[in-house]
Amino acid sequence: MPDRPKYRIEVAPIARFLPEQSNPAEGRYLFAYTITIRNVGEVPAQLVSRHWIITDANQVEREVRGLGVIGKQPLLKPGESFRYTSGSELATPVGTMRGSYQMVTADGTQFTAEIPEFALAMPRMLH
């Protein structure tokens with residue numbers, strides 16, 4: 001079995017359009033996203049903060065930074081995962097999100113877990 005990296009977090013996002021909360025006539029498109037964060041490293045790690053870059057179809061970027069996720073700073077032991085759902089609003093029917101989580105281990109080592117870019121798209125907008 002190959003060696004596992006000591007510090008490694010996998011991030012798996014899934015997004016969906018929320019038509020009941022959106023108002024296209026007003027340029028308001030709401031999306032929910034569910035993120036699964038899994039510690040595939042060798043040491044426990046705590047998610048302390050987040051950094052998002054949200055881009056709409058007009059290439060307007062918005063950055064969001066804050067402590068934890070949904071008011072929590074989960075501590076993940078090796079093999080454990082944490083799942084949460086949150087939301088984002090765009091002024092266009094299509095956009096993207098990407099970012100990172102800042103993690104820290106019990107010995108104070110800090111590292112970054114990248115959040116892969118994923119699409120926010122109203123159905124039938126992407127081919």
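Within the structure, ring pair (Phe, Tyr, Trp, His ring centres under 6.0 Å) pairs that include any residue of residues 60-113 comprise Tyr7-Phe111 (at least two apart or interchain). Screening residues 57-70 for salt bridge (charged side-chain N to carboxylate O under 4.0 Å, His left out), with sequence neighbours left out, gives Glu61-Arg98, Glu63-Arg65. Residue pairs meeting the salt bridge (charged side-chain N to carboxylate O under 4.0 Å, His left out) criterion with at least one partner in residues 12-28, sequence neighbours excluded, are Arg28-Glu89. Every pair tested for salt bridge (charged side-chain N to carboxylate O under 4.0 Å, His left out) that includes a residue from residues 70-82 fails, sequence neighbours excluded, so the list is empty.
Considering only heavy atoms from C-beta on, Arg83 comes within 4.5 Å of Thr34 through its side chain. Using a 4.5 Å heavy-atom threshold, the side chains of Gln46 and Leu76 count as separate. At a threshold of 4.5 Å between non-hydrogen side-chain atoms, the residues Ile9 and Ile37 count as touching. Side-chain contact between Tyr29 and Asn23 is absent, with no heavy-atom pair separated by less than 4.5 Å. For the pair Leu75/Pro44, a side-chain contact is recorded, criterion being any heavy-atom separation below 4.5 Å from C-beta on. Side-chain contact between Val11 and Thr36 is absent, with no heavy-atom pair separated by less than 4.5 Å.
Of the possible donor and acceptor atoms, none in the side chain of Ser81 sits under 3.5 Å from a partner among the backbone N and O of Arg38. With hydrogens and angles ignored, the 3.5 Å screen pairs a side-chain donor or acceptor of Asn39 with a backbone N or O of Gly41. For Thr55 (side chain) and Gln59 (main-chain N/O), no donor-acceptor pair under 3.5 Å exists by modelled atom type. A donor-acceptor pair under 3.5 Å is absent between the side-chain atoms of Ser22 and the main chain of Pro24, judged by distance alone.
Across every non-hydrogen atom of Ala57 and Thr92, the tightest pair is N-OG1, 2.9 Å. Contact between Ala15 and Leu120 at its shortest, heavy atoms only, is CB-CD2, 3.7 Å.
With hydrophobic clusters built from ILVMFWY side chains whose heavy atoms lie under 4.5 angstrom apart, Leu30 does not share a cluster with Tyr33. Cluster membership for Leu90 and Ile53, using ILVMFWY side-chain heavy atoms within less than 4.5 angstrom, is not shared. In terms of hydrophobic clustering, with Ile, Leu, Val, Met, Phe, Trp and Tyr side chains grouped at heavy-atom distances under 4.5 Å, Met97 and Val64 are assigned to a common cluster.
Gln102 pairs by the side chain to side chain donor-acceptor pair (under 3.5 Å) definition with Ser49, Ser100, not counting sequence neighbours. Qualifying side chain to side chain contact (heavy atoms under 4.5 Å, CB included) partners for Pro19, counting only residues two or more places apart in sequence or in other chains: Phe17.
Taking a 6.0 Å sphere around CG of Leu18, one finds it holds more than 12 heavy atoms contributed by other residues, nucleotides or ligands. For CD of Gln73, the number of neighbouring non-hydrogen atoms (other residues, nucleotides, ligands) closer than 6.0 Å is greater than 12.
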Step by step, work out the side-chain contact (heavy atoms from CB on, under 4.5 Å) result for Arg124 and Met122. CA-CA 6 Å; Arg124 295 174 296 284; Met122 192 171 138; over 6 Å; no
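Distance CD1/Ile70 to OG/Ser86: 7.5 Å, rounded to 0.5 Å.
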